[in-house]
Amino acid sequence: MIVVAHLSDPHLGAHDGETVESLVADVSAAAPALTVVTGDWTMRARVSEFELARALLVRLPRPVLTVPGNHDLPLVSPLRLFRPYDRFRTWICDDLEPVARVPGLTAVGLQSMPRWRWKDGRVTRRQVAAVAGAFGAAPRGDLRLVALHHPPFGRRLAGRGPLLRAGADLLLAGHTHIPDVRTVGGTVVVVAGTSASHRTRGVPRSWSRISVDAGMVTVVERFSAGSGWRTGRLISIPLSATAS
């Protein structure tokens, strides 16, 4: 069995401090093989917020694969035009499209937030080719995972069609602040809610524990409750034979 901890959208700078403390303990208790954070570490990409993000990052179970979200780019600043990802690279991860390999799992992160977009994302053909290449080099039988900020449904992500045909078993995203699990084009898509911010949208703060065993994906949504966390929904979906 492979266990992945999936967090998103902590929006540090608009967060609940007590939740951050209990979040680290709850995620650590899951003993994940990989921790994935799908962006929006900060609220406004300020240095002080990235300092908080770095402090959280180093406490999460390793290895950690992470990508930027739309809030991790400066909003109104020349930096957005000329060096939009510098603060993310400095404080979080220098590689905007990292690849992580642990036994039984190959995971690829995608930078889906171009500087010229404000909220919605985009995946290019070059990025899709890189995903296919990473999966092609993976050991036979590996679970294949893609992580990015924008979910591949609705109008939030341009280029989602080719991405969904790149061979991923699992696709992890955030952005909506509403946890979701569904199958899209043969790929199991897991959207994590906001893990620490005050910007909830009808559901509590949450993160998702994902386990894969014997061709079945099981997602346990963990919801913030007072000074701790409780189990919310449990959803099981078989991996698609076409994706695997």
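Residues A5 and V27 share a closest heavy-atom pair of CB-CG1, 3.8 Å. Across every non-hydrogen atom of S236 and L234, the tightest pair is OG-CD2, 3.9 Å. A137 and R101 get closest at one heavy-atom pair: CB-NH2, 4.3 Å. V67 and F88 get closest at one heavy-atom pair: C-CZ, 3.6 Å. For R230 against P204, the heavy-atom pair with the smallest separation is NH2-CG, 4.2 Å. The minimum heavy-atom distance linking G104 with I2 is given by the pair O-CD1, 3.2 Å.
Looking at residues two or more places apart in sequence or on another chain, you find a side-chain contact (heavy atoms from CB on, under 4.5 Å) between P139 and T106, D142. Every side-chain contact (heavy atoms from CB on, under 4.5 Å) that D86 has, sequence neighbours left out, goes to R83. In terms of the ring-ring contact (aromatic ring centres under 6.0 Å, His included) criterion, residue partners of H150 (sequence neighbours excluded) are, by chain and number, H175.
The cluster map of Ile, Leu, Val, Met, Phe, Trp and Tyr, joined by side-chain heavy atoms under 4.5 Å apart, puts V123 and F135 in the same cluster. Connection of L105 to L239 is established within a shared hydrophobic cluster, with ILVMFWY side chains joined at heavy-atom distances below 4.5 Å, either directly or through further cluster members. When the side chains of ILVMFWY residues are joined at heavy-atom separations under 4.5 Å, either directly or via intervening members, V99 and L172 end up in two distinct hydrophobic clusters. In terms of hydrophobic clustering, with Ile, Leu, Val, Met, Phe, Trp and Tyr side chains grouped at heavy-atom distances under 4.5 Å, L34 and V3 are assigned to different clusters. Side-chain heavy atoms closer than 4.5 Å link hydrophobic residues (I, L, V, M, F, W, Y) into clusters, and following such links, even through other members, never connects W207 to V220.
Within the 3.5 Å criterion, the main-chain N or O of S206 finds no donor-acceptor partner in the side chain of E221. Side-chain atoms of R125 do not come within 3.5 Å of backbone N or O of G159 as any donor-acceptor pair. A donor-acceptor distance shorter than 3.5 angstrom exists from the side chain of R144 to the backbone of G167, with no hydrogens or angles considered. A donor-acceptor pair under 3.5 Å links the side-chain atoms of R201 to the main chain of T176, judged by distance alone. R209 contributes no side-chain N or O that, together with a main-chain N or O of R222, makes up a donor-acceptor pair within less than 3.5 Å. Side-chain atoms of S8 come within 3.5 Å of backbone N or O of T38 as a donor-acceptor pair. Panel note: side chain D40, backbone H71; a donor-acceptor pair is recorded below 3.5 Å.
At least one side-chain heavy atom of M113 sits under 4.5 Å from a side-chain heavy atom of L73. At a threshold of 4.5 Å between non-hydrogen side-chain atoms, the residues L171 and L163 count as touching. A 4.5 Å side-chain heavy-atom check between P151 and R156 finds at least one atom pair inside the cut-off. Contact check for E51 versus R46: no side-chain heavy atoms found under the 4.5 Å cut-off. You'll find the side chain of W229 reaches within 4.5 Å of the side chain of L23, heavy atoms only. Between W41 and L56 the shortest side-chain heavy-atom distance falls below 4.5 Å. Inter-residue side-chain proximity for I210 and V36 is flagged as unmet; no heavy-atom pair is nearer than 4.5 Å. Side chains of L157 and L148 form a contact here, defined as non-hydrogen atoms less than 4.5 Å apart.
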query = What's the verdict on side-chain contact (heavy atoms from CB on, under 4.5 Å) for M1 and M216, showing C-alpha distance, side-chain angles and the deciding distance?
reply = CA-CA 10 Å; M1 183 172 67; M216 186 69 67; over 6 Å; no

Test log, rule side-chain contact (heavy atoms from CB on, under 4.5 Å), inputs V188 and V219 = CA-CA 10 Å; V188 177; V219 180; 5.7 Å; no

message = Apply side-chain contact (heavy atoms from CB on, under 4.5 Å) to residues H177 and D9 and explain how you reach the verdict.
response = CA-CA 7 Å; H177 295 202; D9 297 77; 3.3 Å; yes

message = Under the criterion side-chain contact (heavy atoms from CB on, under 4.5 Å), I'd like the reasoning laid out for D180 against F153: C-alpha separation, chi angles, the key distance, then a yes or no.
response = CA-CA 11 Å; D180 193 359; F153 45 76; 3.7 Å; yes

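Note that CE of M43 and CG of L52 are 14.0 Å apart. Values are rounded to the nearest 0.5 Å. Within the model, atoms CG of L164 and OG1 of T183 stand 11.0 Å from one another, a figure rounded to the nearest 0.5 Å. Taken from CD in Q111 to NE2 in H149, the straight-line distance is 10.0 Å, to the nearest 0.5 Å. A distance of 7.0 Å separates CG in L96 from OH in Y85, rounded to the nearest 0.5 Å. A distance of 11.5 Å separates CD1 of I237 from OG1 of T187, quoted to the nearest 0.5 Å. Separation of atoms OG (S195) and CG (D16) is listed at 11.0 Å; rounding is to 0.5 Å.
Between R89 and D94 a salt bridge is recorded (basic side-chain N to carboxylate O distance below 4.0 Å).
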